[in-house]
Amino acid sequence: AQSVTQLGSHVSVSEGALVLLRCNYSSSVPPYLFWYVQYPNQGLQLLLKYTSAATLVKGINGFEAEFKKSETSFHLTKPSAHMSDAAEYFCAVSGGSNYKLTFGKGTLLTVNP
Amino acid sequence: NAGVTQTPKFQVLKTGQSMTLQCAQDMNHNSMYWYRQDPGMGLRLIYYSASEGTTDKGEVPNGYNVSRLNKREFSLRLESAAPSQTSVYFCASSAPQKQGLNEQFFGPGTRLTVL
């Protein structure tokens with residue numbers, strides 16, 4: 001069984017500040033991990049994914065995430081927030097023989113001017 | 001490539017009415033999925049189809065049926081709509097690159113209100 005916990009349903013930062021969105025996972029098999037972004041009234045778009053090739057993963061729009069097996073974490077960061085980063089972010093895990101993605105409940109990021 | 005398309009974008013139903021949500025993908029993906037999204041609940045899997053000709057229940061299948069019409073199309077049917085089915089519905093597709101690596105591509109969603 002797999003599960004994802006996103007700490008903080010709402011994160012607020014100032015423009016130019018560091019963005020840190022937390023994700024912890026549970027998996028009985030080697031996990032593949034994803035971050036998706038959802039802008040208002042749109043579908044989900046892939047930001048980045050961990051496929052075991054490298055523990056530090058770079059994605060689109062300046063985001064990156066680091067896979068830490070010892071902490072079962074895959075936190076998303078961006079050094080400097082931009083107003084256009086305001087959206088909801090979802091962490092997800094897949095792995096093993098099943099065909100499913102398991103999503104966290106999401107974190108809404110607000111960027112203040 | 002259009003990716004994953006969904007129709008309609010918006011729908012209002014009365015309790016007890018039926019409707020079918022349509023989804024199509026042009027990426028030649030084997031697997032397709034239906035999710036619902038409710039505030040504070042994330043995305044919950046309703047049904048999925050690992051390959052053409054197969055369908056399986058997800059986390060919240062009650063009140064829904066699906067049809068994998070062909071490799072491209074996967075529809076979701078509400079036989080007798082209830083207010084609890086008011087939600088945003090997303091279709092997704094994937095072609096697992098290796099076992100367990102399941103990057104999914106999402107459609108724009110259907111906003112359904114049941115009165």
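Because the structure is predicted, anything quoted here is derived from the model rather than measured.
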Report whether [X] and [Y] are members of the same hydrophobic cluster (ILVMFWY, side-chain heavy atoms less than 4.5 Å apart, transitive linking).
X	Y	value
Tyr25(A)	Val29(A)	no
Leu44(A)	Trp35(A)	no
Tyr50(A)	Phe34(A)	no
Met32(B)	Phe106(B)	no
Tyr48(B)	Tyr89(B)	no

Which answer fits [X], side chain, backbone, both or neither, if we ask what part of it has an atom under 4.5 Å from a heavy atom of chain B?
X	answer
Gln6(A)	neither
Gln38(A)	side chain
Leu46(A)	side chain

Side-chain heavy atoms of [X] within contact of [Y], under 4.5 Å:
X	Y	answer
Lys100(A)	Glu59(B)	no
Arg111(B)	Asn41(A)	yes
Leu101(A)	Leu45(B)	no
Gln104(B)	Tyr36(A)	yes
Phe105(B)	Gln45(A)	no

Look up atom CD in Gln37(B) and atom NZ in Lys105(A), then write down how far apart they are to the nearest 0.5 Å.
12.0 Å
Please lay out, stage by stage, how Phe103(A) and Met41(B) fare under the test side-chain contact (heavy atoms from CB on, under 4.5 Å).
CA-CA 10 Å; Phe103(A) 285 88; Met41(B) 304 291 287; over 6 Å; no
Take a 6.0 Å sphere around CZ of Arg22(A) and say whether it holds more than 12 heavy atoms from other residues, nucleotides or ligands.
no
